[in-house]
Amino acid sequence: MSLVEWPRTVDDAIALQERLRTQVITTSAPDLHIDTVAGLDVGYRDTGLCNDSVVGVCVVFDAKTLAVLDEVVVEGTTDFPYIAGLFAFREMPVLLQALDRATVTPDLLVADGQGIAHPRRFGLACHLGVHTGIPSIGVAKNPMGRFDPPGTKRGSTSDVVMDGADGDEVVGRALRTQDGVKPVFVSVGHKIDLDRACTEVLRLAPRYRLPETTRRADTLTRQSASPAGS
DNA sequence: GCGACAG
DNA sequence: ATCTTGTCGC
């Protein structure tokens with residue numbers, strides 16, 4: 001595959017997000033069955049600059065047993081600097097390559113970052129979902145909005161809100177995946193509703209704070225970016 | 001002008 | 001994201 005009209009400037013990137021945000025669907029299809037879930041993540045060598053060497057990872061899990069069905073690691077480079085809000089333009093290319101090489105087409109994509117919990121309501125998870133047509137969600141370690149601490153028990157949630165045209169907008173949820181741990185921040189990417197998104201994340205995180213998808217993808221990421229790879 | 005700001 | 005060992009605690 002290839003990306004059509006991929007922006008090179010900040011202005012073009014923002015314009016593209018403004019144009020694509022209208023395509024996002026925040027509801028689940030009646031027949032949405034999630035049997036396989038993919039965790040996507042990117043690792044870096046030299047950060048901050050533009051042409052950094054990166055490693056894209058796609059790990060596919062059996063949603064029910066959490067068994068790993070496939071793992072793909074792709075090396076590449078990025079030509080976009082890290083800018084909060086334009087994060088997707090840095091990771092999308094290599095992530096799509098990794099996803100393409102997977103032998104199993106996942107029913108759900110779990111991105112390391114935000115979905116619609118984004119200044120223009122179009123974070124990385126939305127980019128991935130709209131581009132592929134596959135339902136997607138964003139699971140971030142840090143919030144992109146205001147929220148009150150959720151209850152202390154696993155499964156507790158609280159709304160994450162951001163300023164919108166009509167006042168406050170609920171853009172995601174702070175979700176406690178384990179008793180007493182810092183919550184993760186879940187937001188819809190595409191073709192799935194927030195409740196379902198949280199349910200899936202809880203199922204993916206039976207033991208640790210972060211879902212197995214991001215944990216495994218993260219491990220593979222540095223296993224190929226730090227030691228003696230490339 | 002100042003502080004915030006996913007990975 | 002990344003630099004990075006041992007250590008405090010359940």
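Every chain is numbered from 1, with letters handed out A, B, ... down the list of sequences.
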Worksheet item: Roughly, in whole Å, what's the span from OH in A:Y44 to P in B:dG7?
Response: 10 Å

Practice prompt. Measure from NZ or CZ of A:R215 to the centre of the six-membered ring of A:Y208, then state whether that distance is under 6.0 Å and the direction lies within 45° of the axis.
Written response: yes

Worksheet item: CG of A:D218 versus P of B:dG7: gap in Å, rounded?
Response: 11 Å

Discussion item. Using whole Å, what does the distance between atom P of nucleotide B:dA6 and atom CE of A:M92 come to?
Written reply: 19 Å

Worksheet entry | Any A:R90 side-chain N or O less than 4.0 Å from OP1/OP2 of B:dA6 | no

Discussion item. Checking the side chain of A:E75 only, and the main-chain atoms of A:V94 only, is there a donor and an acceptor separated by less than 3.5 Å?
Written reply: no

Worksheet item: Are the side chain of A:T177 and the backbone of A:L210 linked by a donor-acceptor contact shorter than 3.5 Å?
Response: no

Discussion item. Defining pairs by Watson-Crick or G-U wobble geometry with both distances under 3.5 Å, how would you list the stems of DNA chain C with at least three pairs each?
Written reply: none

Item to complete: State whether A:Y82 places a side-chain N or O below 4.0 Å from either non-bridging phosphate oxygen (OP1 or OP2) of B:dA6.
Response: yes

Fill in: Audit row: A:Y44, A:E91, side chain to side chain donor-acceptor pair (under 3.5 Å) steps and yes/no
CA-CA 10 Å; A:Y44 299 87; A:E91 307 203 331; 2.7 Å; yes

Practice prompt. Using a strict cut-off of less than 4.0 Å between a Lys/Arg side-chain nitrogen and an Asp/Glu carboxylate oxygen, indicate whether A:K141 and A:D112 qualify as a salt bridge.
Written response: yes

Fill in: Touch class at under 4.0 angstrom, heavy-atom based, for A:L86 against every strand present
base

Response to the item:
note: A:L128, atom CG; B:dG7, atom P; distance rounded to Å ~ 15 Å

Worksheet, complete the sentence: note: A:R45, atom CZ; B:dG7, atom C1'; distance rounded to Å ~ 18 Å

Fill in: Ring-ring centroid check A:F185 A:F147, cutoff 6.0 Å
yes

Worksheet item: Quick one: do the A:D193 and A:S28 side chains pair a donor with an acceptor below 3.5 Å?
Response: yes

Discussion item. Tell me the interatomic distance from A:D163, atom CG, to B:dC5, atom P, rounded to whole angstroms.
Written reply: 13 Å

Fill in: Rounded distance (Å) that lies between atom C1' of B:dA4 and atom CE of A:M162
11 Å

Fill in: Contact residues, residues 134-151 of chain A to DNA chain B [heavy atom, < 4.0 Å]
A:A140, A:K141, A:N142, A:P143, A:M144

Practice prompt. Considering just the side-chain nitrogens and oxygens of A:R222, establish if one lies under 4.0 Å of OP1 or OP2 belonging to C:dT2.
Written response: yes

Worksheet item: Do you see a donor-acceptor pair shorter than 3.5 Å between the side chains of A:T103 and A:D70?
Response: yes

Worksheet item: In this structure, which one of A:D107, A:L108, A:V37 forms a side-chain contact (heavy atoms from CB on, under 4.5 Å) with A:P135?
Response: A:L108

Fill in: Atom pair distance, as rounded to whole Å: CG in A:L210 and P in C:dA1
9 Å

